[in-house]
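Okay, so here's the structure we're looking at.
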Amino acid sequence: MTTPEEFLRIKAQHNVDTGSNKGTSNFAEASEKAEATNFLSNLKSDLRIGNIYYPGCSDDSILEPVFTGHITYLDDRIVRRDAGKLGFLSNFMSPPKEIVDNSFDAAFIKDLHLHLKEDGQTASPSEKLEAILRKVKTNGTIIYGIRRACPKWEGELDFLRKQLELSNIQLPYSNLNFEVFFKISI
């Protein structure tokens with residue numbers, strides 16, 4: 001029998017996993033979204049980001065106020081069909097042929113799905129990160145969206161920093177919600 005605490009934990013995790021918690025339901029969330037939009041707008045302008053790749057997007061809309069029409073979404077469960085956006089149903093380890101290496105100005109990573117085995121694949125976390133980074137042009141940008149509310153993603157940012165450091169990638173910007181890296185080579 002499930003205890004009330006266990007039921008609430010399972011329900012909360014279900015909301016995180018399905019995106020049911022993504023609406024702006026209070027002032028703090030609305031303020032955070034406005035701050036994120038401002039930060040991303042400055043990045044887009046300062047770094048001249050034209051097109052952006054978002055693998056593992058689910059139904060997240062954080063990029064849309066700034067990059068509408070310039071986002072290529074990829075997810076293994078959801079096909080984004082919103083106007084002005086490109087969406088593909090696939091996983092980032094074997095993306096469709098339309099998603100070409102070295103073609104994006106930036107990639108947005110909200111989480112690396114390091115805890116998942118996609119389609120039974122046994123790729124290492126480093127191979128998963130490399131699959132995403134191959135799509136970004138040299139001197140392109142990698143934007144990592146920090147998810148403090150999701151404990152199963154703890155440690156991912158440390159992993160990302162370590163891997164990017166090994167891959168000659170530099171950290172030019174950061175704030176409470178994002179860390180931004182330049183891809184020098186890979």
Side-chain angles (χ1 to χ4, degrees), residues 22 32-76 78 80 82 84-88 90-114 123-148 150 153-186:
K22 293 186 178 169
E32 187 175 309
K33 190 166 187 163
E35 182 181 318
T37 297
N38 186 49
F39 182 78
L40 291 170
S41 293
N42 290 335
L43 275 181
K44 180 181 179 182
S45 174
D46 291 351
L47 303 178
R48 295 183 178 99
I49 297 171
N51 61 352
I52 190 164
Y53 176 49
Y54 188 179
C57 60
S58 189
D59 62 350
D60 186 25
S61 61
I62 193 77
L63 296 178
E64 291 172 16
V66 177
F67 294 100
T68 297
H70 301 280
I71 308 165
T72 299
Y73 290 110
L74 178 74
D75 198 272
D76 64 355
I78 283 180
R80 303 295 292 264
D82 310 2
K85 300 177 201 100
L86 218 47
F88 296 97
S90 183
N91 70 57
F92 56 84
M93 290 305 296
S94 55
K97 61 181 172 29
E98 292 88 348
I99 297 179
V100 179
D101 286 358
N102 300 308
S103 62
F104 293 94
D105 297 325
F108 183 75
I109 304 169
K110 191 81 167 236
D111 59 68
L112 295 170
H113 302 274
L114 300 181
S124 71
S126 298
E127 290 169 324
K128 289 181 177 187
L129 177 58
E130 187 177 317
I132 294 170
L133 296 179
R134 274 196 307 268
K135 305 306 175 194
V136 179
K137 298 173 185 174
T138 300
N139 298 321
T141 305
I142 295 89
I143 305 167
Y144 184 82
I146 299 168
R147 293 183 68 169
R148 291 177 303 279
C150 280
W153 285 281
E154 285 179 10
E156 249 188 26
L157 185 55
D158 289 336
F159 168 79
L160 179 66
R161 285 181 187 138
K162 186 181 292 183
Q163 292 301 306
L164 294 178
E165 187 178 290
L166 294 173
S167 301
N168 196 23
I169 291 182
Q170 300 171 352
L171 171 67
Y173 297 97
S174 67
N175 80 359
L176 189 59
N177 300 307
F178 302 99
E179 289 214 1
V180 180
F181 305 86
F182 287 143
K183 176 184 170 186
I184 305 301
S185 64
I186 277 198

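In what follows, every heavy atom counts, from backbone to side chain, and hydrogens, waters and symmetry copies are set aside. Treat the numbers as computed from the prediction; the structure is a model and nothing was measured.
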Inset, instruction - Can you see which heavy atom on Phe92 is nearest to which on Ala131, and at what distance? - result: O-CB, 3.7 Å
Legend entry - From NZ (Lys110) to CD1 (Ile143), nearest 0.5 Å: 11.5 Å
Legend entry - Given Ile99, Ile109, Ile71, Val136, the one that forms side-chain contact (heavy atoms from CB on, under 4.5 Å) with Tyr53: Ile99
Inset, instruction - Mind listing the closest non-hydrogen atom pair of Pro55 and Phe108 along with its distance? - result: CD-O, 3.6 Å
Inset, instruction - Please name the pair of heavy atoms, one in Gly56 and one in Asp75, separated by the smallest distance, quoted to 0.1 Å. - result: C-OD2, 3.4 Å
Legend entry - Ile49, Leu47, Ile52, Thr141 screened by side-chain contact (heavy atoms from CB on, under 4.5 Å) with Asp105, the one that passes: Ile49
Inset, instruction - First locate atom CD of Glu98, then atom CG of Leu74, and finally report the distance between them rounded to the nearest 0.5 Å. - result: 10.5 Å
Legend entry - Check against side chain to side chain contact (heavy atoms under 4.5 Å, CB included), Asn51 and Thr72: CA-CA 8 Å; Asn51 61 352; Thr72 299; 5.8 Å; no
Inset, instruction - Work out which heavy atom in Lys137 is nearest to a heavy atom in Ser103; give both atom names and the distance. - result: CE-O, 3.5 Å
Legend entry - Between NZ on residue Lys135 and CG on residue Asp101, distance to nearest 0.5 Å: 3.5 Å
Legend entry - OH-CD1 distance between Tyr54 and Ile132, expressed to the nearest 0.5 angstrom: 10.5 Å
Inset, instruction - Would you name the heavy atoms of Lys44 and His70 that are closest together and state the gap between them? - result: NZ-CD2, 4.4 Å
Inset, instruction - Work out which heavy atom in Pro95 is nearest to a heavy atom in Ser90; give both atom names and the distance. - result: CA-OG, 3.7 Å
Legend entry - Nearest-0.5 Å distance, CG of residue Leu63 to OG1 of residue Thr68: 9.0 Å
